[in-house]
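Before any comments, here is the structure.
Here is how names work: the chains are called A, B, and so on, in the same order as the sequence lines, proteins then strands, and each is numbered from 1. Small disclaimer: the values here were computed from a predicted structure and weren't measured. Only heavy atoms go into these numbers, but all of them, side chains included; no hydrogens, no water, no symmetry mates.
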Amino acid sequence: MIDFINLYLVPGLAIGSVYALGAVGISMIFGILRFAHFAHGDLMTIGGYGVLTAVWFIPAHPLLLLPFGIALAIVSALAVDQFFYKPLRKLPTIYTVIASFGVALIFRSLAQLFWSSGNQVFISGVRMPVVLFDTFRISELHMQVISLTIIIAVALHYFLTRSKLGRAMRAVSDEPELAAVAGLDTERVVRWTWVIGASLAAIAGVFAGMDTSMHPNLGWNLLLAMFAAAVLGGIGKPMGAIAGGFIIGIAEETVTYTWFSDEAFISPSYKSAVAFFIMVALLLFRPQGLFKGRLL
Amino acid sequence: MEMTGLFFYLVSVLIAGGIYAVLCLALNVQWGMGGLFNAGIAGFFAVGAYASAIVTTAASDKHLGGFGLPIPLGLIAAMILAGVTGWIVAKICVRLKSDYLAMASVGIAEILRLVIVNEAWLTNGSLGISGVPRPFADLVQGRSADLVYLAVVWFCVLCVYILCQRLYVSPWGRTLRAIRDNEDSARAAGKDVDWFRVQTFVIGCAIMGLAGGLSAHYFKFLSPSATEPLLVTFLVWVMLMAGGSGNNRGAIIGALAIWFIWSATEILTSRLPPEWITRSSYIRMLLVGLLLQFVLQKFRSGLMPEKSPKIRSD
């Protein structure tokens, strides 16, 4: 049981945090701009490399240098929206999906060009897990990741429900025509969607890179799970996306537990298939997601 | 000597170009005619490649089969298996906005990659399948065998082209275009939109499987890296967009044009100093990404824009 918590549940929560932060952006962009953003994973990669570069120059803990990665991701996202997505906004959204597919390639080749295609680590050396109450052995990073994600989720909830801008975003997501008629500045909402989506993507990218190592395919490999999390939570429901992320993360890790016999229930090499099957099941039986999102 | 080298280089470019042309025609059925977004081209391509390889190789204890059957049967198996895979994906997603189909097709490509890498009994894992036969192998030996294969590939391109062209001008193709351009009115006219979309997706995937089979028989060896998911999928999208989606001839022209540019830049960059060669491949990828953006914004109808056939009233 203790093994289950230490080796499956907590790592599941940690990877779930990464999915949750990425899925919030995907869900908001899908809700407000109406397209599946295929470059979101690679936006995470860019954010991660932003912090990695800062680590080379400033001797501080990577998590303290998060603003550098966030800034880089926001600038990239806004530039890409301005130059590549905005000109296509009048067309059917599927063209923007294709464009974002191309942007994913652009981000990745830039990452390979500037930061090389190998694996790089934020902090070298082995870190011992922290022992709590003589039973739980949890790595310091996982504790930081999970607690930061919870803080971000709470802050995001208050932002979306209490602030004027947050309510405008929800309005545009729920009923774009009505929001435009009511005089909401849609372009401003779009801009802030990118700012929030990119910030959370950058944080998620750093978490993922610190958990394993930084490499140019890091974000793309997480994309499928984040889509599944966004669909699970219901499109256009940021809080749902966070819940979805945690559920997918825990599901991925715990299916490899020795549930029914001495062998792993599902081989760890098929871990990333779990997200896909959850997504397929949802699309078949409950495409609006657990929290009654939009069915576009 | 230099000239023959160049000649056979050109032959190899044309063979690969022909395989891309088949993929591009397949995507044209799905996207150009049906408006369906497939982001998992590499997955269906890989299914076809492995299916054809397993059916046609001599018996081996390293992977499933080696059934040693004739190559045409291998290609048919490739088309059937890729089509069935496509049917499963389409069945789940056609009801929903096309973005979901895009996500699911990326997903299925990823799952297929996992299966190919992990199931060693089936595919010999990362070591790959060797000894995939080539058609007419005992007829011609040496380098001129490439010429024979060139003819085989382009014969397939021709067949697929005729098929796609027939589909396009048929009442079936007309219904597809109606669905693509205005789903609601097509539905109001009594067309079973979802069923047409499933058919379109399956036909496209089957042709992608054929392209996979053709590439397996060309390289005679198949490993998971042969189906690099990103490059195949991306290049085909850029090819179709540049060539003109909705136009079968445009699809072939686009495939050849982009493949020539891609191969020509490879020659140029191979003369760079070694430390730049790896980097230059990233620059090429970057340029392909930018090219796609340019085509999407300024050049959407492509080199050969779609021309709908005249409607006869008789």
Side-chain angles (χ1 to χ4, degrees), chain A residues 26 30 34-39 80 83-85 87-88 91-114 116-117 216-217 220-221 223-225 227-228 230-231 235 267 269-273 275-277 279-281 283-284 287 294-296, chain B residues 31 35-37 39 88-89 91-104 106-115 117-119 125 180-181 229-231 233-235 237-238 240-241 245 278-298 300:
Chain A
I26 288 177
F30 209 156
R34 303 270 181 280
F35 75 97
H37 189 217
F38 272 76
V80 157
F83 293 118
F84 298 145
Y85 300 155
L88 304 172
L91 296 168
T93 51
I94 192 71
Y95 284 99
T96 322
V97 178
I98 300 174
S100 77
F101 206 54
V103 167
L105 184 74
I106 292 175
F107 277 160
R108 182 161 357 161
S109 40
L110 284 176
Q112 284 167 328
L113 206 56
F114 289 124
S116 94
S117 55
N217 281 343
W220 178 262
N221 294 344
L223 187 68
L224 192 59
F227 274 142
V231 172
I235 295 303
S267 151
S269 43
Y270 282 109
K271 239 175 13 184
S272 52
F276 177 74
F277 284 108
M279 187 165 86
V280 163
L283 293 181
L284 278 175
R294 293 176 60 88
L295 181 58
L296 293 163
Chain B
W31 165 254
L36 299 172
F37 187 101
I88 297 168
V89 179
K91 197 78 191 140
I92 297 165
C93 300
V94 282
R95 298 171 294 135
L96 302 162
K97 194 173 185 280
S98 40
D99 301 48
Y100 290 98
L101 183 62
M103 292 184 211
V106 166
I108 197 79
E110 176 64 16
I111 305 285
L112 291 170
R113 197 184 61 80
L114 284 180
V115 170
V117 173
N118 288 316
E119 299 301 317
R180 179 194 67 190
D181 295 337
L230 205 72
L231 197 61
T233 307
F234 254 116
L235 276 180
W237 268 102
V238 176
L240 183 62
M241 284 289 165
S245 42
T278 44
R279 288 196 166 206
S280 68
S281 73
Y282 307 139
I283 297 177
R284 284 160 75 214
M285 292 247 280
L286 180 67
L287 292 178
V288 170
L290 289 173
L291 181 66
L292 181 65
Q293 307 300 336
F294 171 76
V295 169
L296 277 175
Q297 285 182 25
K298 307 279 180 216
R300 224 171 0 260

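- Interface check for chain A: of the options B:Asp99, B:Ile283, B:Val115, B:Ile92, the most heavy-atom pairs under 4.5 Å are formed by B:Asp99.
- For the atom pair CD of B:Glu110 and CG of A:Leu223, the computed distance is 10.0 Å after rounding to the nearest 0.5 Å.
- Only the side chain of A:Val231 comes within contact range of chain B, with at least one heavy atom under 4.5 Å from a heavy atom of that chain.
- Contact of the B:Leu296 side chain with the A:Phe84 side chain is not registered, since no non-hydrogen atoms from C-beta on lie closer than 4.5 Å.
- Contact of the B:Gln293 side chain with the A:Val103 side chain is registered, since non-hydrogen atoms from C-beta on lie closer than 4.5 Å.
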Atom pairs and distances, donor-acceptor, side-chain atoms in residues 95-102 of chain A, under 3.5 Å, two or more places apart:
residue  : atom : partner : partner atom : Å
A:Thr96  : OG1  : A:Thr93 : O            : 3.4
A:Ser100 : OG   : A:Phe38 : N            : 3.1
A:Ser100 : OG   : A:Val97 : O            : 2.8

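- For a residue to count as touching a neighbouring chain, one of its non-hydrogen atoms must lie under 4.5 Å from one of that chain's; by this rule A:Leu88 touches chain B with the side chain only.
- You'll find the side chain of B:Tyr100 reaches within 4.5 Å of the side chain of A:Ile235, heavy atoms only.
- Distance CZ/B:Phe234 to CG/A:Leu105: 4.0 Å, rounded to 0.5 Å.
- Between the side chain of B:Gln297 and the backbone N or O of A:Phe83, at least one donor-acceptor pair lies under 3.5 Å.
- No other option in B:Val117, B:Val295, B:Ile108 has as many heavy-atom pairs under 4.5 Å with chain A as B:Ile108.
- A:Leu283 touches chain B through backbone and side chain together, each having a heavy atom under 4.5 Å away.
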Please set out all donor-acceptor pairs under 3.5 angstrom arising from side-chain atoms of residues 284-292 of chain B, sequence neighbours excluded.
residue  : atom : partner  : partner atom : Å
B:Arg284 : NE   : B:Thr265 : OG1          : 3.2
B:Arg284 : NH2  : B:Trp262 : O            : 3.0

